[in-house]
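Working notes for the structure below.
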Number of protein chains: 2
Amino acid sequence: MILFFSTFKLSYICVMGILRKTKSVKILLDEFEKQSTAISAITLIERFHLNMNKTTIYRILDKLEDDGFLHSFLGKNGHKWYAKCIGCTNVEHHDIHPHFQCLDCGKVDCLPTDVLIPNIPNRKVDVSQILIQGKCEECFS
Amino acid sequence: MILFFSTFKLSYICVMGILRKTKSVKILLDEFEKQSTAISAITLIERFHLNMNKTTIYRILDKLEDDGFLHSFLGKNGHKWYAKCIGCTNVEHHDIHPHFQCLDCGKVDCLPTDVLIPNIPNRKVDVSQILIQGKCEECFS
DNA sequence: TATTTAATGCAACTTTGTTGCATTAGTTAA
DNA sequence: TTAACTAATGCAACAAAGTTGCATTAAATA
Ligand SMILES: [Zn+2]
Ligand SMILES: [Zn+2]
Ligand SMILES: [Zn+2]
Ligand SMILES: [Zn+2]
């Protein structure tokens with residue numbers, strides 16, 4: 001988890017993640033604070049290409065995921081999406097859940113619902129990524 | 001569905017799919033006949049780059065999917081995979097199911113098991129793509 | 001304020017997949 | 001068998017998402 005707002009010396013605490021509270025990090029954190037739905041890396045690049053380089057965006061997202069502040073998954077085209085974690089740490093992500101992508105507006109949300117994966121004979125199930133597609137609240141009327 | 005082995009005039013029956021029984025089509029069909037697991041487009045390109053161009057491979061896979069002979073899905077990196085259909089037609093694919101990717105050997109299989117997607121309030125569920133990851137029979141010992 | 005080094009920008013690259021167009025080769029019918 | 005038709009192919013160029021190396025910049029610390 002990000003420790004920005006504490007007064008501790010970050011470098012002693014975080015190992016792989018974000019160590020410095022830069023302008024770029026602040027902009028991205030603010031964006032995820034402002035918007036409750038998931039955001040694709042591509043969208044962030046479009047949105048902030050005047051503020052920062054796409055390399056910077058990819059690198060910050062990567063570190064925020066390491067920190068347990070964001071989690072990532074693939075949308076319907078295999079493109080990367082990010083959303084805020086709830087209660088994850090830099091040791092482990094434990095907020096694994098299905099995602100819902102609207103086929104009309106493209107919006108993606110985290111689903112609090114759990115999907116039961118049945119046991120599969122002779123196989124050890126580790127993780128499962130579930131992307132449900134359909135029409136979201138606004139587009140379904 | 002592919003009508004290769006019938007004596008009908010294909011052009012009257014197929015509309016969007018494959019019309020001619022070319023060498024490239026035969027090679028790819030044979031490969032899916034030979035191998036029961038799913039095959040990624042990338043693997044096919046590696047395997048047959050001496051026999052045919054990658055453009056040709058992508059185009060044939062696309063048409064075989066239209067024909068209801070293959071179905072496609074995305075693996076863990078968002079790369080495209082194909083596997084044989086069971087009982088699909090050029091009108092509709094009705095063999096939608098989860099897929100299992102081994103994190104050790106990378107192999108992907110179709111799972112006959114059905115996963116129950118719960119109803120989600122205020123949303124119309126259309127399709128769901130489920131990729132389960134873990135260890136396959138051979139790697140799990 | 002000077003020092004340290006994490007973070008950044010940039011260009012070049014990689015990988016997967018697509019497009020346009022000239023050429024090749026299945027299929028059909030004479 | 002042969003000629004005509006056109007689906008299928010190869011090739012080169014392109015597109016989009018994401019990565020890498022390296023010189024430069026700017027947070028954090030003392
Ligand atoms: Zn998480
Ligand atoms: Zn989520
Ligand atoms: Zn199918
Ligand atoms: Zn399948």
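These numbers come from the heavy atoms of this one structure, side chains and all, not from hydrogens, waters or symmetry mates. Letters A, B, ... are given to chains in the order of the sequence lines, protein chains preceding strands, and every chain is numbered from 1.
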Practice problem: Verify side-chain contact (heavy atoms from CB on, under 4.5 Å) between A:Asp126 and B:Lys135, making sure each step is shown before the conclusion. | Solution: CA-CA 8 Å; A:Asp126 199 349; B:Lys135 286 201 179 190; over 6 Å; no
Could you tell me whether the phosphate oxygens of [N], OP1 or OP2, come under 4.0 Å of any side-chain nitrogen or oxygen in [X]?
| X | N | answer |
| --- | --- | --- |
| B:Thr55 | C:dG17 | no |
| A:Thr56 | C:dA7 | no |
| B:Thr22 | D:dA8 | no |
| B:Lys63 | D:dA8 | yes |
| B:Tyr58 | C:dG17 | yes |

Specify the separation, in whole Å, of atom [atom1] of [X] and atom [atom2] of [N].
| X | N | atom1 | atom2 | value |
| --- | --- | --- | --- | --- |
| A:Leu61 | D:dG18 | CG | P | 10 Å |
| A:Lys21 | D:dT29 | NZ | P | 12 Å |
| B:Leu19 | D:dT9 | CG | P | 11 Å |
| A:Asn53 | D:dC22 | CG | P | 17 Å |
| B:Arg20 | C:dG26 | CZ | P | 9 Å |
| A:Met52 | C:dC10 | CE | P | 13 Å |
| A:Asp62 | D:dG18 | CG | C1' | 11 Å |
| A:Lys26 | C:dA6 | NZ | P | 19 Å |

Quiz prompt | Whether A:His99 and A:Phe73 hold their rings parallel, tilted or perpendicular, with breakpoints at 30° and 60° | solution = parallel
Quiz prompt | Distance (rounded to the nearest 0.5 Å) between A:Ile45 CD1 and A:Asn53 CG | solution = 9.0 Å
Just checking [X]: base, sugar-phosphate only, or nothing, at a heavy-atom cut-off of under 4.0 Å?
| X | result |
| --- | --- |
| B:Ile60 | sugar-phosphate |
| B:Ile42 | sugar-phosphate |
| B:Asn51 | sugar-phosphate |

Quiz item: Less than 3.5 Å between a donor and an acceptor, one on the side chain of A:Lys80 and one on the base of D:dG18, is that the case here?
Solution: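 No pair found.
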Quiz item: For the side chain of A:Arg59 and the base of D:dG18, is some donor closer than 3.5 Å to an acceptor across the two?
Solution: no
Exercise. Let me know, please, whether B:Lys23 or B:Ala41 comes out on the 5' side of the other along DNA chain C by nearest nucleotide.
Key: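 Going by which nucleotide is closer to the 5' end, it is B:Ala41.
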Quiz item: Would the number of heavy atoms belonging to other residues, nucleotides or ligands and lying under 6.0 Å from CG of B:Leu103 be above 12?
Solution: yes
Quiz item: Considering all heavy atoms of both residues, which atom of B:Glu65 and which atom of B:His93 are nearest to each other, and what is their separation?
Solution: O-NE2, 2.8 Å
